[in-house]
Amino acid sequence: MTSPGTRADADTEDLDVEEALALVREKPGPAAHRGHDGHGAPTAHDPAGSHHRATPWSEARTTAERAARAAARAVRRTPVSVPLDAALGLTLAAPLAALTDLPSFDTSAMDGWAVAGPGPWAVRDEGVLAGHAEPGRLTDGEAVRIATGARIPPDTTAVLRTEHGRTDERGRLHPTREVVHGQDIRPRGQECRSGDQLLPVGTLATPAVLGLAAAAGYDTLTAVPRPRVDVLVLGDELLTEGLPHDGLIRDALGPMLPPWLRALGAEVVAVRRIGDDAKALHRAVTNSEADLIVTTGGTAAGPVDHVHPTLRRIGAELLVDGVKARPGHPMLLARLKDDQHLVGLPGNPLAAVSGLLTLAEPLLRTLAARPAPEPYTLPLRDAVHGHPYDTRLVPVVLRGEGAVPLHYNGPAMLRGVAAADALAVVAPGGARPGQEAELLDLPWASGGIGVCFT
């Protein structure tokens, strides 16, 4: 199911090379969230608990975009040259200019005969096929069989389609309808001339873009590199195979997150299982060279929740410490270095999905210089129970001109989102039947570039 459309983000619409890489035109965002010291500790103005420190959902997404822009300014990553078969989903860091005329010679647009002068025509014995050298010149009154895509013989008047010609008993070719000069001939340069700019910087490499680049003579594209991501799976209770037993459960996030992150444009460098080991978490975070570290679980304040203590130990700056969203309230975003961030996802699977779309998606999209999706709304077919204060993200399927909320949407459940096309953004207080709600498309349901998971 597709959204009504996509557009280039205002900050990536008419970019030069430097802007595509660094995204230097920062959007004005909401004022910095007041009430905490940047490291999650309550201040004198915020003596209450974590709910009051939490960032509103839309502001959290803006903060993630802003953090990515700051990182891109801090370290201007060098564009990469990528083979066409590996460039799907990347953003062009250089204009795509034609390296040749398209077509590069006059070609036949149809199967039929190349004819010279008025008919009837004497038909040559040999034919002209695509991929062969330039055929011999035609003289008036001559015709030659020709295939679609073959080079047009010099002095050809027109191409007569197979279904528009007949031969008489002497083998002469007659038209069955009027022949117009130049018909069914694709002239050299009809689509573009060598040097014409075909696509600007900032264009997303879709399958059609790859086809155009190949036709225009390219073997590689100059593109913004994919953001590199390390995934750290936390929790001693997680199994990697078999059935749950003895208080142990299967790890759902380890298999789910890497392909989802790739669908968001990232290069997943490593997936490491850390368990509930503070020292191992510290080593993994400090040794990572990825642009983004994604952790699963451990973002609350329990006895084995080591993410906050680790961030304090390394002097990280907490940009988002909890979001007013359900599920996924304890998600977080931290700046580790000028060009490195950490997104802490809750351990419950649907809560992790919420964190992924709230914080990781805008950050990765901005680092990759991808255009932002056009926001859109659809009416909800059924009522959705809301949270008194927080935004709810609810799995939905799209049916016609409406969105149908799905059951099994608890924080630990994946059954609903596995069948979903999108997540509906439900404001505090809930939504009544027929009420419009903003929708976040899921990568595999959007019909866009995110359908590539490799």
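Note: hydrogens, waters and symmetry copies are ignored here, and every other heavy atom, side chains too, is used. Start at 1 with the first residue, then count along the sequence.
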- Query: Got a salt bridge between Arg69 and Glu65, using NZ or NE/NH1/NH2 to carboxylate O under 4.0 Å?
  - Reply: yes
- Short side-chain to backbone donor-acceptor contact, His308 and Thr299, under 3.5 Å: yes
- Main-chain N/O of Leu129 paired with Arg151 side-chain donor or acceptor, under 3.5 Å: no
- With the threshold set at 4.0 Å, does a side-chain nitrogen-carboxylate oxygen contact exist between Arg250 and Glu241? no
- Task: Mind listing the closest non-hydrogen atom pair of Ile293 and Val285 along with its distance?
- Result: CD1-O, 3.8 Å
- Item | Check: Tyr218 side chain, Leu96 main-chain N or O, donor-acceptor pair, under 3.5 Å | no
- Item | Stepwise side chain to side chain contact (heavy atoms under 4.5 Å, CB included) check, Thr295 with Val343 | CA-CA 6 Å; Thr295 62; Val343 167; over 6 Å; no
- Candidate pair Glu59 and Lys324, rule side chain to side chain contact (heavy atoms under 4.5 Å, CB included), full reasoning: CA-CA 10 Å; Glu59 183 180 331; Lys324 293 181 180 179; over 6 Å; no
- Could you pull out all residues at least two apart from Asp106 that satisfy salt bridge (Lys or Arg N to Asp or Glu O under 4.0 Å)? none
- Note on the structure: All heavy atoms of Leu356 vs all of Leu345, minimum pair found to be N-CD2, 3.5 Å
- Val307 versus Leu332: any side-chain heavy-atom pair under 4.5 Å? yes
- Identify, with sequence neighbours excluded, every residue that meets side chain to side chain donor-acceptor pair (under 3.5 Å) alongside Arg381. none
- Query: Once you round to the nearest 0.5 Å, how far does CG of Leu232 lie from CG of Leu342?
  - Reply: 7.5 Å
- Task: Drop me the distance from Asp85's CG to Leu210's CG, to the nearest 0.5 angstrom.
- Result: 9.0 Å
- Correct closest heavy-atom pair for Ala420 and Pro395 would be CB-CB, 3.8 Å
- Are Arg226 and Glu267 within salt-bridge range, i.e. N to O under 4.0 Å? no
- Task: Using a 4.5 Å cut-off on heavy atoms from C-beta on, say whether the side chain of His387 contacts that of Pro428.
- Result: no
- Can you tell me if Asp339 uses its side chain to pair, donor with acceptor, with the backbone of Ala71 under 3.5 Å? no
- salt bridge (Lys or Arg N to Asp or Glu O under 4.0 Å) with Asp251: which residues, sequence neighbours excluded? Arg273
- For the residue pair Ser81 and Thr222, confirm or rule out a side-chain donor-acceptor distance under 3.5 Å. no
- Task: To the nearest 0.5 Å, tell me how far Arg399 CZ sits from Leu378 CG.
- Result: 12.5 Å
- Message: Please check: side-chain N/O of Thr91 versus main-chain N/O of Ala368, any donor-acceptor pairing under 3.5 Å?
- Response: yes
- Measuring from Arg262:CZ to Leu257:CG, what's the distance to the nearest 0.5 Å? 10.5 Å
- Do Leu238 and Ile249 come within less than 4.5 Å of each other through their side chains, counting heavy atoms only? yes
- Query: Among pairs that include at least one residue of residues 202-225, which meet salt bridge (Lys or Arg N to Asp or Glu O under 4.0 Å), considering only residues two or more places apart or in two chains?
  - Reply: none
- Query: Crowded around His407 NE2? As in, over 12 foreign heavy atoms under 6.0 Å?
  - Reply: no
- Could you check if a side-chain atom of Leu439 sits within less than 4.5 angstrom of a side-chain atom of Val425, using non-hydrogen atoms only? no
- Which pair of heavy atoms, one from Asn409 and one from Val394, lies closest together, and at what distance? ND2-CG1, 3.8 Å
- Query: Heavy atoms, side chains only, cut-off 4.5 Å: are Val269 and Val229 in contact?
  - Reply: no
- Item | Steps toward side chain to side chain contact (heavy atoms under 4.5 Å, CB included) verdict (Val426, Leu393) | CA-CA 6 Å; Val426 179; Leu393 301 181; over 6 Å; no
- Message: In the structure I gave you, are the side-chain heavy atoms of Leu442 and Trp260 within less than 4.5 Å of one another anywhere?
- Response: yes
- Please report the shortest heavy-atom distance between Pro258 and Val271, naming the atom on each side. CG-CG2, 3.5 Å
- Keeping the roles fixed (side chain from His329, backbone from Val323), state whether a donor-acceptor pair exists under 3.5 Å. yes
- Interatomic distance, Glu361 atom CD to Thr366 atom OG1 [nearest 0.5 angstrom]: 8.0 Å
- Query: Salt bridge between Arg161 and Asp111, side-chain N to carboxylate O under 4.0 Å?
  - Reply: no
- Query: Is the backbone of Arg228 close enough, under 3.5 Å, to the side chain of Asp291 for a donor and an acceptor to pair up by distance?
  - Reply: yes
- Judged by atom type as modelled, is there a donor-acceptor pair below 3.5 Å linking the side chain of Gln183 to the main-chain atoms of Val159? yes
- Under the side chain to side chain donor-acceptor pair (under 3.5 Å) test, residues paired with Asp277 that sit two or more places apart: none
- Are any non-hydrogen side-chain atoms of Val80 and Thr78 less than 4.5 angstrom apart? no
- Would Leu292 and Leu363 satisfy side chain to side chain contact (heavy atoms under 4.5 Å, CB included), going step by step from the backbone distance to the final call? CA-CA 9 Å; Leu292 174 64; Leu363 189 141; 4.3 Å; yes
- Is a donor on one side and an acceptor on the other found under 3.5 Å between the side chain of Thr296 and the backbone of Leu234? yes
- Count the heavy atoms of every other residue, nucleotide or ligand shown that sit under 6.0 Å from CZ of Phe105, and state whether that count exceeds 12. yes
- Query: Looking only at heavy atoms, what is the nearest atom pair of Thr148 and Ala130, with distance?
  - Reply: O-CB, 3.8 Å
Review item, side-chain donor-acceptor pairs of residues 186-202, under 3.5 Å, at least two apart:
residue: Arg186; atom: NE; partner: Gln190; partner atom: OE1; Å: 3.3
residue: Arg188; atom: NE; partner: Asp101; partner atom: OD2; Å: 2.8
residue: Arg188; atom: NE; partner: Ser104; partner atom: O; Å: 3.3
residue: Arg193; atom: NH1; partner: Asp101; partner atom: OD2; Å: 3.1
residue: Asp196; atom: OD2; partner: Arg193; partner atom: N; Å: 2.8

- Query: Between the main-chain N or O of Ala68 and the side-chain N or O of Arg73, is there a donor-acceptor pair closer than 3.5 Å?
  - Reply: no
- In this structure, CZ of Arg66 is separated from OG1 of Thr63 (nearest 0.5 Å) by 4.5 Å
